Protein chains: 2
Amino acid sequence: MNFVIDNLVGIGILARETGTSVQTVRYYESRGLLPAPPRTEGGQRRYGRLHRDRLAFIRHAREMGFALDAIGELLRLSKEEDASCGPVDRIAREQLQLVDRRIEQLCALRETLSRMIDRCDGESVTSCRILEALGPSQNLPASGKDGGTGA
Amino acid sequence: MNFVIDNLVGIGILARETGTSVQTVRYYESRGLLPAPPRTEGGQRRYGRLHRDRLAFIRHAREMGFALDAIGELLRLSKEEDASCGPVDRIAREQLQLVDRRIEQLCALRETLSRMIDRCDGESVTSCRILEALGPSQNLPASGKDGGTGA
DNA sequence: CCTATTCCCTATAGTGGTTGTAGGTTCAAG
DNA sequence: CTTGAACCTACAACCACTATAGGGAATAGG
């Protein structure tokens, strides 16, 4: 009864509206990112506009690749009324650097992978350039002495 | 005694030689990627050249971003003597596609993030463009019918 | 009021690829 | 024989979820 005056919704609707799964909403709550909402007498969560806004913020930030801890920090900072947004800026720039590094790594990797594939003629595994490229033969010393007793 | 005739090494040396951690070597064994090596009488693992080669293969493949399951598949395929390397090629191409998709996503993300940051003037959180961009205000439906009772 | 359906609850385990820990045993050098 | 490093197993933690089991709550229709 108490909550009908506000247009409160259940967790399923909230989740659908924000492109989240129900479990994830509860997970955010357990992580302290979303405040615990009021409950019905039966114990079910009821959410209002503020919760929706906050969850939407979290989802947007996740789409930007921010870690949950960073998002928590952003939310905290956004509530300090007179604070400068310097720290916010710093977190965002760190995230950008992270993304830049990952892109660079992936691009290098893509190059290597693509070259590997180009050289493969599709014949047999014994002559496969892909397996060859992955194999350890590149930087072995001399392999003359092999005691075959092994295994 | 049995293993001294071969130039077998302990797990620590193997790990160091291949740029792996000791735990990770054991983890690969538990995942079935590395065969269980012979042991000393005291129960310690002793590795030979074949193990080193195989582990080096795994590490190279991991550097290429292949998942452990895919690596297992590659290893399996590489042992089928007369097989064509078509499946190997397929796995590598799938990996390339995966990498391409990730690069694309990250680049798009980078754009958004970078634009966000550029617009931030470093003043106060109340006017911060970053927080604004992450906020939910962008795609609210019509806000005319909003029970404004909300806390 | 009863029932059926849908939603929701908690608690727990699993994902991928490691890393870290605790509490003990074995090895190699001196 | 003693020391210290390396090694052993088994288990928990990381991140951000996802999935499952075994129930209870809300709601629409009869």
Side-chain angles (χ1 to χ4, degrees), chain A residues 1-4 7-34 36-47 51 55 57-75 95 98 102 105 109, chain B residues 1-4 7-34 36-47 51 55 58-75 95 98-99 102 105 109:
Chain A
M1 297 294 198
N2 276 328
F3 310 121
V4 180
N7 54 351
L8 295 169
V9 300
I11 196 173
I13 292 173
L14 179 77
R16 216 177 310 131
E17 284 178 357
T18 55
T20 319
S21 80
V22 167
Q23 295 109 302
T24 299
V25 176
R26 288 196 282 250
Y27 174 66
Y28 289 164
E29 181 182 330
S30 80
R31 285 286 303 259
L33 288 174
L34 273 179
R39 305 258 186 155
T40 63
E41 291 178 17
Q44 301 198 356
R45 293 169 179 82
R46 287 298 178 262
Y47 295 94
H51 284 99
L55 180 52
F57 182 99
I58 295 170
R59 295 307 292 177
H60 285 143
R62 283 295 297 141
E63 282 165 20
M64 295 297 109
F66 288 96
L68 291 186
D69 282 353
I71 294 171
E73 190 73 358
L74 287 175
L75 285 166
Q95 176 63 19
L98 206 96
R102 269 197 233 145
Q105 281 177 5
L109 193 153
Chain B
M1 297 293 199
N2 275 329
F3 310 121
V4 180
N7 54 352
L8 295 169
V9 299
I11 196 172
I13 292 174
L14 179 78
R16 216 177 311 130
E17 284 179 357
T18 55
T20 319
S21 79
V22 167
Q23 296 110 300
T24 299
V25 175
R26 289 196 282 248
Y27 174 67
Y28 289 165
E29 181 182 329
S30 80
R31 284 286 302 260
L33 287 174
L34 273 179
R39 304 259 186 154
T40 63
E41 290 178 16
Q44 300 197 357
R45 295 169 177 82
R46 286 299 176 264
Y47 296 94
H51 285 100
L55 180 51
I58 295 169
R59 294 307 293 177
H60 285 143
R62 283 294 296 143
E63 281 165 19
M64 295 297 110
F66 287 98
L68 291 186
D69 282 352
I71 295 172
E73 189 74 359
L74 288 174
L75 285 166
Q95 177 62 19
L98 206 94
V99 171
R102 271 198 231 145
Q105 281 176 7
L109 193 153

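The structure displayed is predicted, hence computed values, not measured ones.
- Applying the 3.5 Å distance criterion, the base of dA19(D) shares a donor-acceptor pair with the side chain of Gln23(A).
- Regarding contacts with the backbone of dT9(D), a side-chain N or O of Arg39(B) is found under 4.0 angstrom from either OP1 or OP2.
- dA6(D) atom C1' lies 15 Å from atom CD of Glu17(B), rounded to whole Å.
- For the pair Leu33(B) CG and dG17(C) P, the computed distance is 9 Å after rounding to whole Å.
- Straight-line distance from the CD atom of Gln44(A) to the P atom of dT10(C): 10 Å, rounded to whole Å.
- Distances were taken from every side-chain heavy atom of Arg46(B) (C-beta onward) to each of dA28(C), dC8(D), dT18(D); the shortest belongs to dA28(C).
- Ile58(B) places none of its side-chain heavy atoms less than 4.5 Å from the side chain of Thr18(B).
- Rounded to an integer number of Å, the gap from CG of Leu55(A) to P of dC17(D) is 11 Å.
- Residue Arg59(B) places at least one side-chain N or O under 4.0 Å from the OP1 or OP2 atom of dT18(C).
- In this entry the distance linking CG of Leu8(A) with C1' of dA26(D) reads 15 Å, nearest Å.
- Here Arg102(A) contributes atom CZ and Gln105(A) contributes atom CD; the two are 9.0 Å apart, rounded to the nearest 0.5 Å.
- For the pair Ser21(A) and dT18(D), the criterion of a side-chain N or O lying under 4.0 Å from OP1 or OP2 is met.
- Between Val22(A) and Tyr28(B), the residue anchored closer to the 5' end of DNA chain C is Val22(A), taking for each the nucleotide with the nearest heavy atom.
- With contacts defined as side-chain heavy-atom distances shorter than 4.5 Å, the pair Val9(B)/His51(B) does not qualify.
- For dC17(D), one of the phosphate oxygens OP1 or OP2 lies less than 4.0 angstrom from a side-chain nitrogen or oxygen of Arg62(A).
- The nearest whole Å value for the distance from the CD1 atom in Ile58(B) to the P atom in dG16(C) is 16 Å.
- At the phosphate of dA26(D), OP1 or OP2 sits under 4.0 Å from a side-chain N or O atom of Thr40(A).
- For the pair Tyr27(A) OH and dA19(D) C1', the interatomic distance rounds to 15 Å; values are reported in whole Å.
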Leu55(B) vs Tyr47(B), side-chain contact (heavy atoms from CB on, under 4.5 Å): CA-CA, chis, key distance, verdict: CA-CA 10 Å; Leu55(B) 180 51; Tyr47(B) 296 94; over 6 Å; no
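- Within the nucleic acid shown, Arg45(B) comes within 4.0 Å of sugar-phosphate atoms alone, with no base atom in reach, counting heavy atoms only.
- Annotation: of the two residues near DNA chain D, Gly43(A) and Arg16(B), the 5′-most nearest-nucleotide partner is Arg16(B).
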With a 3.5 Å cut-off and sequence neighbours excluded, list the donor-acceptor pairs that the side chains of residues 64-72 of chain B form with protein atoms.
residue  : atom : partner  : partner atom : Å
Asp69(B) : OD1  : Arg31(B) : NH2          : 2.8

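- Contact annotation: Thr24(A) side-chain N/O to dA16(D) OP1/OP2 distance is not under 4.0 Å.
- Taking atom CG on Asp69(B) and atom C1' on dG14(C), their separation rounds to 14 Å, with Å as the unit.
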